[in-house]
Amino acid sequence: MSSETVTVRVNPAELPVDSFTDSDIARIAMVRAAQLRAEGYEDFAQMVAEDLTRAGDYVRKAVYLADSVQSTFVTAAVIAERVRGTGWDVIGEAVCMSAADLREQGDA
C-alpha cells in the first residue's frame, strides 16, 4: 500500500452554480484577492531584485499594490464578514471607521 498523498484540484468554475453557499463564494473571493496581492508583492520583489525597471517603476508598482490590490482584498474581506453576519460596527472598529462612514463609503 502506497503512503503517497494525491492532491486533487477542483476548478470552482466547473462546478454547478448551486454547489456554493454565499459564505463559500465570499471566502473564495477573499482567498483570490489574497492570492493576487501575494503575486503582486512577488512581482515587486523580483522587479527590485533584478533592477530591470524604468525610473518611477518602484513607486508605480507600490501605488498599484497599495490602492488596487489592497482595496480588492479589503473589499473581499468585508463581504466575507457581512455574509457571515458580522455587523458594520465590528467591521468599522477593525478598520478604524464608524459604521455610518463605512456604509456611506459603500454607497459611493
Side-chain angles (χ1 to χ4, degrees):
M1 178 182 225
S2 174
S3 63
E4 292 182 32
T5 302
V6 177
T7 301
V8 177
R9 293 196 179 261
V10 176
N11 180 354
E14 295 174 358
L15 296 173
V17 175
D18 61 351
S19 297
F20 302 101
T21 65
D22 288 344
S23 180
D24 293 335
I25 292 167
R27 288 192 338 264
I28 290 167
M30 187 171 52
V31 168
R32 179 64 181 140
Q35 179 183 15
L36 289 172
R37 186 174 186 182
E39 289 170 359
Y41 282 115
E42 178 183 16
D43 292 346
F44 185 82
Q46 182 177 2
M47 175 185 71
V48 171
E50 294 176 5
D51 200 21
L52 302 173
T53 60
R54 299 181 328 230
D57 280 353
Y58 294 166
V59 173
R60 277 188 284 280
K61 186 71 171 184
V63 167
Y64 169 77
L65 287 169
D67 290 345
S68 182
V69 178
Q70 186 177 15
S71 72
T72 300
F73 184 64
V74 172
T75 298
V78 168
I79 291 168
E81 289 287 356
R82 292 294 295 151
V83 167
R84 66 194 292 219
T86 304
W88 285 113
D89 55 332
V90 174
I91 295 170
E93 183 181 318
V95 295
C96 300
M97 292 178 71
S98 72
D101 287 343
L102 276 173
R103 283 191 294 272
E104 184 178 303
Q105 191 173 30
D107 293 337

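FYI, the numbering just counts along the sequence from 1.
In this structure, Phe44 and Asp57 have side chains that are not in contact, with every pair of non-hydrogen atoms separated by 4.5 Å or more.
With hydrophobic clusters built from ILVMFWY side chains whose heavy atoms lie under 4.5 angstrom apart, Ile25 does not share a cluster with Ile79. Each of Val83 and Val78 belongs to its own hydrophobic cluster when Ile, Leu, Val, Met, Phe, Trp and Tyr are linked at side-chain heavy-atom distances under 4.5 angstrom.
Met30 and Ala76 make their closest contact through CA-CB, 3.5 Å (heavy atoms, listed as atom of the first residue, atom of the second, distance).
Summarising the geometry, atom CD1 belonging to Ile28 is positioned 12.0 Å from atom CZ belonging to Arg32; distances are rounded to the nearest 0.5 Å.
A donor-acceptor pair is defined here as one N or O able to donate and one able to accept, closer than 3.5 Å; no such pair exists between the side chain of Arg37 and the backbone of Tyr41.
Between the side chains of Gln46 and Glu42, no donor-acceptor pair is found at a separation under 3.5 Å. A donor-acceptor contact closer than 3.5 angstrom is absent between the side chains of Arg82 and Thr86.
Around CD of Glu39, the count of heavy atoms belonging to other residues, nucleotides or ligands within 6.0 Å exceeds 12.
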